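See below for the structure under consideration.
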Amino acid sequence: MPGESEALVEFDNVDKTFDGETLVVKNLNMEVGQGEFLTMLGPSGSGKTTTLLMLAGFESITHGDILLGGRSLKNVPPYRRDIGMVFQNYALFPHMTVEENLAFPLEARKMPRDQIKEKIDRALAMVRLSEFSRRRPAQLSGGQQQRVAVARALVYEPALVLMDEPLGALDRQLRENMQYELKHIHETVGVTVVYVTHDQGEALTMSNRIAVFNEGEVQQIATPQVLYEEPENAFVAQFIGENNRLMGTVRSLNGKECQVEIDGGGEVAALAVNVAGVGERTTLSLRPESVKIDPPADGYPDRFDARVEELIYLGDHTRVRVNVCLHDDFIIKVPRSGDAPRLEVGETHTVGWNPADCRALDA
Amino acid sequence: MAVAPYATPVEKAWYYTFRVICGLIFFFLIMPILVIIPLGFNPVPFFTYPMEGFSWRWYGEIFGDSPISILWQRSMVNSVVVAICATLLATILGTLAALGLTRADFPGKPAVMAILISPIMVPIVVIAVGMFYFYAQVGLVSTLSGIILAHTTLGVPFVVITVSATLQGFDHNLVRAGAILGANPVRVFRKVTLPIITPGVVSGSLFAFAASWDEIVVVLFLASTEQHTVPRRMWSGIRELLSPTIIAAATMLIIISILLMFTMEWLRRRSERMRGLTPS
Amino acid sequence: MAAVSPNAGGPIMLDGVPLKIRLERAERMRKVKAVGLILPLFIFLMVTFAIPIVVMLMRSVENPEIVQVLPRSAAAMRLWDGEGFPPNEAMQTFAAEVVTAKAAKTLGKAAKRLNYNASGFRSMLFKTGTKLERAIEKEGEEAVLQGPEMLERFIDIDKRWGERRYWSIIRQASPPHTAWYLLRSVDRDYDENTDIVPISEDQAIHVEVLWRTIVISAVVTLLCLLLGFPIAYLLGTLPTKQSNLLILLLLLPFWTSLLVRTTAWLVLLQNEGVINDIAIYFGLWDEPLQLVRNRMGTYIAMVHILLPFMVLPMFSVMKGIDPYHMKAAASLGANPVSAFIKVYLPQTLPGVGAGVLLVFILSLGYYITPALVGGPADQMLSYFIAFHVNTTVNWGLAAALSALLLVCVMIFFAMYQRLVGVGNIRMN
Ligand SMILES: Nc1ncnc2c1ncn2[C@@H]1O[C@H](COP(=O)(O)OP(=O)(O)OP(=O)(O)O)[C@@H](O)[C@H]1O
Ligand SMILES: [Mg+2]
């Protein structure tokens with residue numbers, strides 16, 4: 001989606017420190033496109049909330065600038081930013097009814113009464129809570145409160161809505177329902193969303209693009225598919241989806257291709273994505289589903305012996321843990337089908353993969 | 001708690017015995033207060049049942065225009081003036097302090113908190129004697145201002161405790177939510193912060209009011225006849241000759257206590273409902 | 001453009017100032033603001049509460065009377081080593097100052113102070129003054145006040161001057177500060193050699209009163225615990241709807257004025273009161289029983305007043321105890337009694353501790369209730385403090401007793417604070 005429309009939000013070399021010693025956000029450069037659903041994903045403490053709070057105006061920007069619609073936000077207080085926000089604990093006003101909660105931003109904008117009424121009705125209809133308008137937050141279930149929070153963030157039609165783990169407090173089932181609902185709302189309303197989560201499934205389901213954070217730095221920003229299929233570094237490969245890692249040393253480098261000597265012995269061809277040079281260390285990343293057991297001869301130049309350690313039957317596929325090149329945590333996913341090999345624990349089989357699926361990344 | 005269907009006869013017997021014991025303890029708690037109220041309507045100055053009739057005679061002694069009545073009425077005015085002034089002062093000072101206490105940590109905060117709370121813990125006679133000794137030197141003895149200052153002191157810890165508790169439970173994300181929804185800080189304070197902490201402030205001030213309204217020991221030391229409050233008048237009465245007029249005055253105090261109590265309970269339950277502690 | 005040097009080993013700088021220092025400044029501002037909010041109340045309490053009490057407590061070690069009224073004698077007496085009798089010059093100074101003080105009508109203050117130590121000192125001093133005045137008229141100032149044998153003259157005036165004790169008392173009353181009041185508050189005294197000795201048994205009263213204060217408080221606390229535990233348990237285990245109703249029965253006495261409740265008990269318990277009437281009517285006893293103005297009345301009224309303070313903290317703890325623990329214990333085969341003792345009781349201890357300490361601390365300072373429903377033998381320390389302020393006007397002793405009471409309360413308050421934490425005191 002970037003490129004389709006111009007950026008609504010731009011982070012320009014943003015740094016943030018709380019204590020003057022460590023940077024919790026380091027040199028952040030990121031653009032959020034108009035109408036985009038961008039998710040910030042990363043482990044706990046990686047600076048996602050901090051980034052969001054700077055965007056909302058609740059934390060100062062130590063260095064750099066954030067632009068919203070081309071305007072610097074540096075001296076704009078939160079209440080003039082015209083941003084919507086859904087908080088993790090929803091932050092619904094407990095002394096107001098649902099209706100009054102929704103009216104709050106409209107009244108602050110001095111909107112006429114009848115228009116307020118109309119907008120509230122529309123927003124409540126959107127989240128399917130029309131009959132709850134006179135209840136107080138404490139009289140609603142968690143999921144209902146969450147929907148009120150979403151409605152409140154959208155009712156005044158801000159250009160940008162921020163959500164910090166808005167589904168964190170919900171149980172699994174409700175969470176998944178709400179993911180689709182939020183995605184649906186985003187598609188119908190067309191609002192730009194910056195979303196924070198540390199649940200990768202959620203990120204993959206909902207986002208146009210995902211920014212992967214680690215230790216205050218953005219590791220990669222890309223669509224879910226690119227992120228999964230073409231991770232640019234070992235952290236992203238490891239963090240998104242399941243991943244097999246093989247450590248090794250680059251022996252030769254030829255444009256996009258390279259030869260890597262694996263620590264446990266053997267040399268393989270790999271796609272040179274992020275290697276420092278010949279003789280340097282590298283991490284090979286292989287998705288479990290790209291590895292074939294007893295592969296056909298052609299197209300699989302690199303073959304290894306693998307001893308089956310463990311079999312877990314999961315219905316649509318079987319997870320096979322094998323020992324390859326002294327790595328005994330190597331996982332292979334075998335889809336359920338008629339021609340799937342029959343495996344027994346303790347047997348030794350040949351495994352192989354397409355060199356294009358084997359990405360040589362940073363060590 | 002209910003008797004389980006599988007309870008043995010011993011357990012059942014104990015269950016009912018326990019209930020009866022609790023009933024007796026509640027009876028002990030409530031009985032003295034309820035028993036004396038009718039005695040204020042006894043036409044004769046005795047404290048015995050059965051009563052000999054019904055009369056407003058003793059209330060007349062308070063609200064009439066005899067010299068004694070004038071004293072009673074003056075003491076009521078004093079009580080009201082002192083309690084209201086002390087409550088206002090205590091509420092303002094206590095609320096500000098509670099805001100400060102919850103806003104930031106600073107060295108010595110527990111010690112400061114202990115000092116702010118100590119008026120409830122220091123024996124009242126020690127407080128009264130200290131105030132008497134010191135206020136005498138600055139001319140505050142036998143003045144209403146002296147009593148107001150003293151009662152403010154006694155009421156302030158209640159305000160500090162209740163308001164701090166309310167503020168600790170206050171979710172600061174609500175302020176952020178208010179801001180991001182487009183309300184400026186003044187509007188956020190008026191529409192969000194204030195309505196949420198008000199029940200706490202009101203509870204604190206009700207406690208402060210009750211503390212002043214019932215207070216007798218400090219008044220005993222600081223007040224001369226001019227500044228007598230209702231409890232102080234009652235005290236004189238009890239010491240001289242226990243007459244049903246005292247019961248009439250006591251009944252009025254009880255009614256005020258009941259009003260305070262119900263207001264307080266109402267506030268408490270309202271805020272619990274708001275926080276979703278007791279879904280209805 | 002301001003440059004941030006991202007963590008290259010050194011501190012992060014912004015516009016040439018280490019960021020850390022800027023952030024510390026901002027943090028300090030926040031603290032200053034917080035302190036600024038607390039300051040008005042803090043100053044208020046200092047002025048209206050803390051300083052008055054401290055100033056009053058200081059009276060327990062202050063000893064200003066002799067220094068003010070007889071300053072030169074005080075100095076001379078302090079020089080005397082306490083052996084035998086004071087030197088002749090000191091007695092001369094004393095005689096001269098007694099005469100001048102009597103003329104200036106300030107002698108009474110000194111006399112009152114000395115009278116605390118030995119009754120009869122006041123009249124002896126005034127008599128001495130008068131006789132010295134008369135002697136001066138007759139013999140001339142020099143002959144009387146510069147006499148070589150002052151002691152003889154004093155003994156002539158009143159033969160008690162021949163006892164060393166009286167001179168020691170003057171000497172002990174001469175320094176500007178004294179521990180004497182504090183000693184008296186624990187029934188100790190200086191003897192004529194300024195050694196600390198117990199005072200004679202017929203005068204000793206304060207230790208007994210202190211003990212009585214503690215005993216009454218302990219008994220009241222125990223009774224409150226016995227009565228409070230069952231109803232706290234009932235309230236804690238009932239469904240909220242029902243317990244809310246019963247709590248009102250507990251809160252009504254809590255909110256009712258202490259004086260009103262004490263009055264109620266006075267009315268109920270007195271000889272012509274409701275309880276005696278009913279008991280005689282039903283033939284429980286024949287003669288009115290003395291139920292009030294004695295220890296019994298004191299206990300009944302104090303327990304009634306303090307019971308809510310015991311129940312409320314216990315209730316709030318018990319309400320938080322998971323009832324399934326008891327069920328789990330039962331399912332593991334524990335009989336109800338041992339399940340209660342082993343599983344439930346230990347969990348209630350924080351509430352029990354808080355309630356016990358609170359009630360005990362509050363009872364230590366009780367004054368109104370014992371004064372109205374107790375007899376002379378049931379008065380607690382507070383009563384004697386008030387007594388020394390109002391009746392004997394002995395501020396030193398009142399202050400010393402206040403200090404004693406305060407120390408007792410502080411000890412238990414410190415325990416309470418460790419158990420509950422000041423910030424956690426709740427009233428609902
Ligand atoms: N107010 C603050 N003062 C000091 N340090 C802070 C503050 N807020 C956050 N931090 C620190 O900044 C870092 C980033 O925190 P942040 O809350 O942005 O993480 P996050 O990515 O949102 O994590 P999570 O997934 O757990 O919510 C953490 O190391 C945290 O300890
Ligand atoms: Mg976060």
Side-chain angles (χ1 to χ4, degrees), chain B residues 1 11 18 21-22 25-26 29-30 32-33 35-36 39 47-49 93-94 96-97 99-101 103-104 106 112-117 119 121 123-127 129-131 133-134 149 153 156 158 161-162 165 207 210 214 216-217 231 234 238 242 246 250 253-254 257 260-261 268 278, chain C residues 30-31 34-35 37-38 40-42 44-45 48-49 52-53 55-56 227 230-231 234 237-238 240 249-253 255-261 263-268 273-274 277 304 307 336 361 364-365 367-368 372 382 385-386 389 398 402 405-406 409 413 422-423 425-428:
Chain B
M1 224 180 62
E11 279 172 20
F18 178 73
I21 291 174
C22 288
I25 300 172
F26 277 115
L29 272 171
I30 292 297
I33 299 170
V35 162
I36 64 159
L39 293 174
F47 303 107
T48 53
Y49 283 99
L93 290 171
L96 288 180
L99 282 170
L101 283 170
R103 181 159 295 189
F106 49 88
V112 169
M113 189 73 185
I115 289 178
L116 300 191
I117 300 302
M121 292 294 172
I124 183 70
V125 167
V126 175
I127 298 180
V129 167
M131 286 177 169
Y133 184 74
F134 188 77
L149 290 183
T153 304
V156 116
F158 296 109
I161 292 172
T162 26
F207 272 116
D214 295 345
I216 165 82
V217 180
M234 285 178 64
I238 298 166
L242 194 54
I246 310 277
L253 291 186
I254 292 174
S257 310
L260 284 175
M261 177 182 88
R268 187 178 68 82
T278 46
Chain C
R30 239 163 55 85
K31 281 184 185 167
V35 171
L37 286 170
I38 301 171
L41 177 57
F42 189 76
F44 180 86
L45 283 185
T48 62
F49 171 76
I53 291 178
V55 169
M56 184 271 293
L227 296 185
I231 56 176
L234 180 74
T237 47
L238 276 180
T240 312
L249 296 186
L250 192 67
L251 288 178
L252 177 63
W255 280 93
T256 304
S257 158
L258 181 151
L259 191 62
V260 168
R261 287 190 278 166
T263 313
W265 281 111
L266 204 55
V267 168
L268 285 172
V274 178
D277 274 4
H304 183 253
L307 192 51
I361 291 171
L364 283 178
Y367 169 55
I368 294 295
L372 287 179
S382 288
I385 296 170
V389 170
S402 299
L405 180 56
L406 210 51
V409 169
F413 184 44
V422 219
I425 304 174
R426 290 282 150 80
M427 274 148 333
N428 246 321

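Chain A is the first sequence line, chain B the second, and so forth, proteins listed ahead of strands; every chain is numbered from 1. Keep in mind it's a predicted model, so treat the numbers as computed, not measured.
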Requested in this report: Output the distance between atom CG (B:L29) and atom CZ (C:R261), rounded to the nearest 0.5 Å.
Outcome: 8.5 Å
Query raised in the report: Does the side chain of C:V274 come within less than 4.5 Å of B:L39's, by heavy atoms?
Result: yes
Requested in this report: Identify, with sequence neighbours excluded, every residue that meets side-chain contact (heavy atoms from CB on, under 4.5 Å) alongside C:L249.
Outcome: B:F26, B:I30, C:L246
Report summary line: Okay, B:L93 and chain C: the region with an atom under 4.5 Å from a heavy atom over there is both
Query raised in the report: Under a 4.5 Å heavy-atom cut-off, does chain C meet the side chain of B:L99, its backbone, both or neither?
Result: both
Query raised in the report: Distance-only, no hydrogens or angles: does the B:S257 side chain make a donor-acceptor pair with backbone N or O of C:W255 under 3.5 Å?
Result: yes
Requested in this report: Specify which of C:P40, C:G365, C:A34 makes the most heavy-atom pairs with chain B at under 4.5 Å.
Outcome: C:A34
Query raised in the report: Can you name the closest pair of heavy atoms from B:P32 and C:A264 and give their distance?
Result: O-CB, 3.6 Å
Report task. Determine whether C:I368 and B:I124 make a side-chain contact, defined as any pair of heavy atoms from C-beta on separated by less than 4.5 Å. Result -> no
Query raised in the report: Between CG of C:L372 and CD1 of B:I238, what distance do you get to the nearest 0.5 Å?
Result: 5.5 Å
**Report entry** Contacting moiety of B:L242, where chain C heavy atoms sit under 4.5 Å
**Finding:** side chain
Query - Heavy-atom contact with chain B under 4.5 Å, split by part of C:L227 - result: both
Requested in this report: Not counting sequence neighbours, which residues clear side-chain contact (heavy atoms from CB on, under 4.5 Å) with C:S257? List them please.
Outcome: B:D214, B:L253, C:L259, C:V260
Report summary line: Closest non-hydrogen atoms of C:R30 and B:R103, given as atom of the first, atom of the second and distance, are NH1-O, 3.5 Å
Report task. List the atom of C:L37, the atom of B:L96, and the distance in Å for their closest heavy-atom pair. Result -> CB-O, 3.4 Å
Query raised in the report: Hey, does B:Y133 have a side-chain heavy atom less than 4.5 Å from the side chain of C:P52?
Result: no
Query raised in the report: Looking at C:T263 and B:M234, what are the two nearest heavy atoms and their distance?
Result: OG1-CE, 4.0 Å
Report task. Among B:A210, B:A97, B:A250, single out the residue with the greatest number of heavy-atom pairs under 4.5 Å to chain C. Result -> B:A97
Report task. Check whether C:L45 gets within reach of chain B through its side chain, its backbone, both or neither, counting any heavy atom under 4.5 Å. Result -> side chain
Query raised in the report: Which region of C:L268, side chain (C-beta onward) or backbone (N, CA, C, O), has a non-hydrogen atom less than 4.5 Å from a non-hydrogen atom of chain B, or is it both or neither?
Result: side chain
Report task. Pick one of side chain, backbone, both or neither for C:V389, based on which atoms fall under 4.5 Å of a heavy atom in chain B. Result -> side chain
Query raised in the report: Any side-chain heavy-atom pair from C:P253 and B:I33 closer than 4.5 angstrom?
Result: yes
Requested in this report: Quick one: which of B:I246, B:I216, B:V156 has the most heavy-atom pairs under 4.5 Å with chain C, could you say?
Outcome: B:V156
Query raised in the report: Does any heavy atom of chain C fall under 4.5 Å from the side chain of B:V35, the backbone, both, or neither of them?
Result: side chain
Query - Proximal component of C:V409, with respect to chain B [non-hydrogen, under 4.5 Å] - result: side chain
Query - Heavy-atom closest contact (C:I361 atom, B:M121 atom, distance) - result: CG2-SD, 4.0 Å
Query raised in the report: B:L149 versus C:F44: any side-chain heavy-atom pair under 4.5 Å?
Result: yes
Report summary line: All heavy atoms of C:L406 vs all of B:P123, minimum pair found to be CD1-CD, 3.8 Å
